Undergrad: 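Take a look at this one; I'll ask things after.
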There are 2 protein chains.
Amino acid sequence: MIPKQTVNMTDVARRSGVSIASVSRALRGESGVSAATRDRILSAARELAYVVSPEASRLSGGPTGRVGVIVPRVDAWFYSTILAGIADEFDTVGMDLILCTLPTSAARHRFFEALPLRRKVDAAVVVSLPLSARERTRLDQLAVPTVFVGGHRTEDHRPWVGIDDERAAQQAVGHLLRIGHHDIAMIQAADDTDIPWATDQARIRGFHQTMQEAGLADPTVVTVKWSVDGGSHGMETLLSRSRPPTAVFCHSDEIALGALRTLRRSGISVPQQVSVIGVDDHPAAELSDLTTVAQPVREQGRIAARVVLGGLGDGDASGPPASVTTLPTRLVVRGSTAPPR
Amino acid sequence: MIPKQTVNMTDVARRSGVSIASVSRALRGESGVSAATRDRILSAARELAYVVSPEASRLSGGPTGRVGVIVPRVDAWFYSTILAGIADEFDTVGMDLILCTLPTSAARHRFFEALPLRRKVDAAVVVSLPLSARERTRLDQLAVPTVFVGGHRTEDHRPWVGIDDERAAQQAVGHLLRIGHHDIAMIQAADDTDIPWATDQARIRGFHQTMQEAGLADPTVVTVKWSVDGGSHGMETLLSRSRPPTAVFCHSDEIALGALRTLRRSGISVPQQVSVIGVDDHPAAELSDLTTVAQPVREQGRIAARVVLGGLGDGDASGPPASVTTLPTRLVVRGSTAPPR
DNA sequence: CTGAAAGCGCTTACAG
DNA sequence: CTGAAAGCGCTTACAG
């Protein structure tokens, strides 16, 4: 006879001398089990390395023990760092993480039409994804608690964790103004799809607003693809002007790194001739001595995970965090910015 | 809230006037259902917008439709890129990806002792993890097809996808030798745990071997922590010698980037005074004009996914023949290497 | 506090 | 080709 490969609840029940009903109750931490019985059951479960079958549990009306995490892509610093924060938290409570990446618009379309997560997860975390009305409706049809992290908060007060992108832009531009720059341009990034990423819009809004408050009307903005090369091209465009700016606010560090590359290749010294500042505090920013506005990325993932777990009743004793969490950003001055000459 | 979907197989059976057994067979495309019956069932299912319950299906002996992916951490370029490749492939076949990260030794220990993936996945992909005998045994107890990707291939001929790290080192050092360097040092990286990462060992072996074949005995090697800062310190150590090398082979691009930082800060020009080469072709390598030996990372993930999906049809874990795929690495010459002066 | 029993929605021998 | 029935491993009223 083929040896049974997995230990089930019956095995635990037998080993601890109780019924499976009691095992089920004890394992889920329900009341109505005596301390002695509970201890016996828990140690039997430990000894047998028992794992509840999510299928059976779910089929009987219990939770799946899984949370879906939906992320545009995973091979980019920001997303993978958020994901790491989420995974950290899930790990501590034994929640399984089902990863959904939507790298192409085809994948994205497929995801929202087929809803592959349906009936498979207890909750969902959506990272940085601006959703159409249709997509939001489909997501609702998952019928599970959902929290959004990164990107821009929705208008309809859904659970959200992120930063204030407008404020981040303000901090960056404020720094440039404070050290004496007036001629400040922005290299703005846009996704190559036509999706309106709220992050992008908020950062440029912050730029314009801060400039306007400083009495500097109509600052130069060039819009490029969201990539290092995009940043390079953006800076090339700025340098081709009759009078290039003395400082450049870049939408993000990746854009800024591209801008720095162009400046280096053009033999223009940073920060003596041009100051450059980004947003994010990407690991490469420190390497390139780039001044930036740091955001706590991993922490955003962590908090989002806690919020979503809290919504499931698994939160800690202090209760679930506020449903909308805005984390602070912080100016990090390095060597790429200095007063204009 | 959206009305819960309650259409089950019984509803489809009733509507098409057959038993649920026939519905099950027809829906899974099994033979043994007449064409007429099948058509009737399929259209009934379509009309009711029926979706099979994965839980019930699995509980009755079907597959889970999930694969576990085990990765040391996800917030690092190499791992997240492999993961992206895996996710790409899984997406095309509708396989769900359960992500397990083992960022700390505690998490790692917990994972192998509790085996949280047990009974939850049809297969597993293990990324870059050197395993102890104990850990390997535990992994076997998942009793599912498992493929290893990245890191070094195991000696016991398990399915594996990766590169030849010895050859990569050889390509890097060969380049330095070819352009005329004799005084070549290596900055070697070591994990801060005591786990013997085969990748590390293979790269240093490749270094020593290539140097020896060139008649250059006892080259200098400094061992540092596997990080950018580690690379920085490694280079500081080399510079403190009475006669620094003219070229440095770095264990990886991250190490090399740290080394470049130290050189820049020390006012030593690259490649005029010192040549630097890395391994990986990390995105930052291009930005820093770093010569390197590129490895196809995303492709490794893709192939591993295909291998593991391919193994799923073959019944039990012992069935499919071990597949070993070694992908080629490629020298990418940029501006950080030049003949010695 | 504890257990026997009825499902949950499927798949799969086993019989016709 | 088709169906009745026995599970799969849980959760949860319902009784004691």
Side-chain angles (χ1 to χ4, degrees), chain A residues 1-42 44-45 48-66 94 96 118-120 122 143 312-313, chain B residues 4-42 44-45 48-66 116 118-122 143 315:
Chain A
M1 131 172 196
I2 295 170
K4 206 173 57 160
Q5 284 188 343
T6 58
V7 12
N8 60 25
M9 200 171 262
T10 304
D11 296 322
V12 179
R14 187 158 28 214
R15 188 178 187 104
S16 43
V18 297
S19 71
I20 62 166
S22 292
V23 175
S24 175
R25 284 189 277 255
L27 256 30
R28 277 173 303 113
E30 264 192 10
S31 61
V33 186
S34 71
T37 305
R38 179 184 306 278
D39 288 349
R40 202 144 29 87
I41 290 169
L42 291 183
L48 295 172
Y50 172 69
V51 185
V52 173
S53 158
E55 331 295 342
S57 172
R58 176 58 186 154
L59 193 53
S60 316
T64 63
R66 291 176 225 129
D96 288 327
R118 212 179 349 175
R119 305 164 86 178
K120 293 180 183 170
D122 299 331
L312 296 177
Chain B
K4 213 174 95 186
Q5 170 157 352
T6 54
V7 179
N8 61 23
M9 202 172 261
T10 304
D11 297 322
V12 179
R14 187 158 28 214
R15 188 179 186 101
S16 44
V18 295
S19 71
I20 63 166
S22 290
V23 174
S24 174
R25 284 189 277 255
L27 256 31
R28 277 174 301 113
E30 265 193 8
S31 61
V33 186
S34 72
T37 305
R38 178 185 307 278
D39 288 350
R40 202 143 29 89
I41 291 170
L42 291 183
L48 294 172
Y50 172 70
V51 184
V52 173
S53 158
E55 326 296 342
S57 173
R58 172 55 186 157
L59 194 53
S60 317
T64 64
R66 287 176 230 127
R118 213 169 359 164
R119 309 163 79 187
K120 293 179 181 171
V121 294
D122 299 331

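In what follows, chains carry the letters A, B, and so on, assigned in the order in which the sequence lines appear, proteins first and then strands, with residues in each chain numbered from 1. This one's a predicted model, so the numbers in the text were calculated from it and none came from an experiment.
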Undergrad: Main chain of Asn8(B), side chain of Asp11(B): is a donor-acceptor contact present, judged purely on distance under 3.5 Å?
TA: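 It does hold such a pair.
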
Undergrad: Would you indicate, yes or no, if dC10(C) has its OP1 or OP2 atom less than 4.0 angstrom from a side-chain nitrogen or oxygen of Ser53(B)?
TA: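 Answer is no, no contact under 4.0 Å.
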
Undergrad: Choose from dA5(C), dG3(D), dC8(D) the nucleotide whose nearest atom is closest to any side-chain atom of Ser60(B).
TA: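 Nearest to the side chain of Ser60(B) among the choices is dC8(D).
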
Undergrad: Side chain of Ala21(B) only, heavy atoms from C-beta on: which candidate in dT2(D), dA4(D), dC10(C) is closest?
TA: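 Nearest to the side-chain atoms of Ala21(B), counting from C-beta on, is dA4(D).
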
Undergrad: May I have the distance from Glu55(B) (atom CD) to dT11(D) (atom C1'), rounded to whole angstrom?
TA: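 It is 14 Å, rounded to the nearest whole Å.
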
Undergrad: Side-chain N or O of Arg28(B) less than 4.0 angstrom from OP1 or OP2 on dT12(C)?
TA: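 Result: yes.
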
Undergrad: Would you tell me if any nitrogen or oxygen in the side chain of Arg119(B) comes within less than 4.0 Å of OP1 or OP2 on dC10(D)?
TA: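 Checking Arg119(B) against dC10(D): at least one side-chain N or O falls below 4.0 Å of OP1 or OP2.
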
Undergrad: Between dA5(D), dC10(C), dG3(C), spot the one nearest the side chain of Arg25(A), thanks.
TA: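 Ranking dA5(D), dC10(C), dG3(C) by closest atom to the Arg25(A) side chain puts dG3(C) first.
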
Undergrad: Does dT2(C) have its OP1 or OP2 closer than 4.0 Å to a side-chain nitrogen or oxygen of Ser19(A)?
TA: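 No, Ser19(A) has no side-chain N/O under 4.0 Å of OP1/OP2 on dT2(C).
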
Undergrad: What nucleotide, of dC10(C), dC10(D), dT12(D), holds the atom closest to the side chain of Glu30(A)?
TA: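 Output: dT12(D).
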
Undergrad: Could you give the CG-to-C1' distance, from Leu27(A) to dT11(D), as a whole number of Å?
TA: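 Going from Leu27(A) (CG) to dT11(D) (C1'), I get 12 Å.
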
Undergrad: Just compare dC10(D), dG3(D), dC10(C) and give me whichever is closest to any side-chain atom of Ala56(B).
TA: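 Given the options dC10(D), dG3(D), dC10(C), the side chain of Ala56(B) is closest to dC10(C).
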
Undergrad: Go through dA4(D), dT12(D), dC10(C) for me and flag the one nearest to the Ser24(A) side chain.
TA: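 For Ser24(A), the side-chain atoms sit closest to dT12(D).
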
Undergrad: Using the side-chain heavy atoms of Met9(A), tell me which of these nucleotides is nearest: dC1(D), dT11(D), dT2(C).
TA: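 Looking only at heavy atoms from C-beta outward on Met9(A), the closest nucleotide is dT11(D).
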
